[in-house]
Amino acid sequence: MGSEQKFGGDWTIEKLDIFSSYLEAYLKALKNFKFKKVYIDAFAGTGNITSRDGAQMIAGSARIALSSQLQFDKYYFIEADTDKAAALQKMVDTEFTFLKHKVTILAGDANNELSKICRSIDWRYNRALLFLDPYATQVAWITLENVAKTEAIDVWYLFPFQALQRLLRKDGQLDSTWVECIDRLLGDHEWQTEFYKEDPQLNLFGTTSIVKDINTEGLKEYIFQRLQKVFPAVAPKPRVFRNTKQSPIFLFCFAVASKNEAAQRLALRIANHILKEKL
Ligand SMILES: C[S@@+](CC[C@H](N)C(=O)[O-])C[C@H]1O[C@@H](n2cnc3c(N)ncnc32)[C@H](O)[C@@H]1O
């Protein structure tokens, strides 16, 4: 089936486990607040995920959100692949008929659709939980800025750590399309001076060249600090998902857009507890 979604490894289960724990706690914590609660899944998939060998099927984020005991007032699902969006619509129509009136499925790009959603909702009366679960570098930094401006969204972002590391060549010979991609992912050009320095060794022609000067820990810290520049509160220890060689492939980051300190404390307390507990 063309619209079938395959999962990457055990970390996919871990990711969804962390996310669903937060989702349940979020709905419980906001139960008695007067705000409308909105769920936004910007890389929604089909609702189901199949293991690579086809032997195992697990619930994807969309199914998890729709299945929660406490409900959101509104569900937005964004999916760029029209076949997957259609499969998701079918799942809603057949298995979640009782929620159909609350669901909007948008077949399009996450950045564009999310910006429209951020602009269209009156955030004085709404709060949202957002899941950014891209395969790679699809989330533009400006999208995070738009999300933060709402001052009303809690976001889980699967940051594409390995994809970024691969783009950052050791010898500093960066293709212009790669530079564009990194600028879009990190928001501006600052990373060039942060990550590269002049090589103290002279080359054959007696001139200096540029070399990469950031390690894995430094890059992790940089991403955390950048998120902190945009969001008023960010979980200090994102979950690091690793491949079989133990290299980090994604950072699962949590950030809060609310400027209300009590709301930040509550959200961070729940997220930090889940991140610590689910090892
Ligand atoms: C990692 S999967 C998401 C899995 C999903 N969260 C789940 O748990 O089932 C990423 C999804 O994003 C979709 N996608 C890729 N680029 C996109 C974009 N620019 N905007 C929206 N969706 C996109 C892919 O088709 C894929 O279904």
Side-chain angles (χ1 to χ4, degrees), residues 1-24 26 38-52 54 56-68 72 75-92 95-96 103-118 128-144 146-147 153-164 177 180-181 184-185 239 241-243 248-254 274 278:
M1 194 169 109
S3 62
E4 206 171 80
Q5 205 173 287
K6 305 275 187 193
F7 71 78
D10 287 349
W11 63 265
T12 303
I13 297 171
E14 200 182 328
K15 169 187 76 179
L16 290 170
D17 201 20
I18 290 171
F19 182 68
S20 74
S21 295
Y22 188 82
L23 184 145
E24 295 295 342
Y26 177 90
V38 181
Y39 176 74
I40 312 170
D41 202 328
F43 294 83
T46 60
N48 297 311
I49 311 178
T50 318
S51 59
R52 296 228 173 265
Q56 207 189 340
M57 175 125 95
I58 58 168
S61 54
R63 180 183 286 280
I64 289 170
L66 291 164
S67 306
S68 74
F72 287 88
Y75 299 79
Y76 288 99
F77 297 105
I78 309 169
E79 171 54 56
D81 181 322
T82 49
D83 286 345
K84 287 185 181 173
L88 180 57
Q89 184 70 64
K90 193 169 163 204
M91 183 185 84
V92 174
E95 296 180 52
F96 296 94
V103 173
T104 299
I105 297 177
L106 301 157
D109 170 64
N111 299 286
N112 296 341
E113 299 303 332
L114 197 46
S115 299
K116 285 188 222 159
I117 294 170
C118 288
L129 173 60
L130 166 66
F131 190 24
L132 292 172
D133 186 19
Y135 282 140
T137 58
Q138 284 89 359
V139 177
W141 193 262
I142 193 165
T143 300
L144 297 176
N146 289 332
V147 167
I153 301 181
D154 288 5
V155 47
W156 283 93
Y157 177 19
L158 189 73
F159 185 90
F161 194 80
Q162 186 179 57
L164 173 60
T177 51
E180 238 172 72
C181 178
R184 186 171 172 274
L185 180 72
R239 177 60 53 86
F241 295 130
R242 297 172 190 276
N243 61 16
I249 40 179
F250 285 102
L251 303 182
F252 201 24
C253 305
F254 176 73
I274 293 168
K278 294 200 179 289

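Start at 1 and go down the list; that is how both ligands and their atoms are numbered.
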Taking the side chain as every heavy atom from C-beta outward, state whether [X] and [Y] have any pair of such atoms under 4.5 Å apart.
{"X": "Trp11", "Y": "Leu158", "result": "yes"}
{"X": "Ser61", "Y": "Tyr39", "result": "yes"}
{"X": "Gln89", "Y": "Phe77", "result": "no"}
{"X": "Val92", "Y": "Tyr75", "result": "no"}
{"X": "Leu114", "Y": "Val139", "result": "no"}

4.0 Å heavy-atom contact, Ala62 with ligand 1
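Flag not set, Ala62 not near ligand 1.
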
Consider ligand 1: state whether an atom of it lies below 4.0 angstrom from any non-hydrogen atom of Ala59.
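Ala59: no contact with ligand 1 (<4.0 Å).
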
For Ser115, enumerate each residue passing the side-chain hydrogen bond (donor to acceptor under 3.5 Å, both in side chains) test, keeping only those at least two apart in sequence or located in another chain.
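Applying side-chain hydrogen bond (donor to acceptor under 3.5 Å, both in side chains) to Ser115 gives Asn146.
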
With only distance considered, is [X] within less than 3.5 Å of ligand 1 through an N or O on each side?
{"X": "Gly47", "value": "no"}
{"X": "Ala110", "value": "yes"}
{"X": "Glu79", "value": "yes"}
{"X": "Phe43", "value": "yes"}
{"X": "Lys84", "value": "yes"}
{"X": "Tyr135", "value": "no"}
{"X": "Asp41", "value": "no"}
{"X": "Asp133", "value": "yes"}

From atom 22 (N) of ligand 1, work out which of Pro134, Ala80, Ala140 has a heavy atom at the shortest distance.
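Residue with the shortest heavy-atom distance to the ligand atom: Ala80.
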
With respect to atom 16 (N) of ligand 1, which of Gln138, Glu113, Arg63 exhibits the smallest heavy-atom separation?
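The residue whose heavy atom sits nearest atom 16 (N) of ligand 1 is Gln138.
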
Heavy-atom contacts with [X] under 4.0 Å: which atoms of ligand 1 show up? List them by number with element.
{"X": "Gly45", "value": "27 (O)"}
{"X": "Gly108", "value": "20 (N), 21 (C)"}
{"X": "Ser61", "value": "5 (C), 6 (N), 7 (C), 8 (O), 9 (O)"}
{"X": "Leu16", "value": "8 (O)"}
{"X": "Ile49", "value": "7 (C), 8 (O), 9 (O)"}
{"X": "Ala42", "value": "21 (C), 22 (N)"}
{"X": "Asp109", "value": "18 (C), 19 (N), 20 (N)"}
{"X": "Gly60", "value": "7 (C), 8 (O), 9 (O)"}

Output all residues satisfying side chain to side chain contact (heavy atoms under 4.5 Å, CB included) with Glu24, sequence neighbours left out; order by chain, then residue number.
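Side chain to side chain contact (heavy atoms under 4.5 Å, CB included) list for Glu24, sorted by chain: Ser68.
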
What orientation do Phe159 and Tyr157 show, parallel under 30°, tilted 30 to 60°, or perpendicular over 60°?
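Perpendicular, since the angle between the ring planes exceeds 60°.
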
Below 30° counts as parallel, above 60° as perpendicular, anything between as tilted: where do the rings of Phe241 and Phe252 land?
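It falls in the tilted class, 30° to 60°.
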
Within a reach of under 6.0 Å around CD1 of Ile58, are more than 12 heavy atoms found that belong to other residues, nucleotides or ligands?
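Yes - once you tally the heavy atoms of other residues, nucleotides and ligands closer than 6.0 Å, there are more than 12.
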
Distance-only, no hydrogens or angles: does the Asn111 side chain make a donor-acceptor pair with backbone N or O of Gln138 under 3.5 Å?
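Yes; judged by distance alone, with no hydrogens or angles, the pair exists.
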
Hey, does the side chain of Glu79 reach the backbone of Gly45 with a donor-acceptor pair shorter than 3.5 angstrom?
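A pair under 3.5 Å: yes.
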
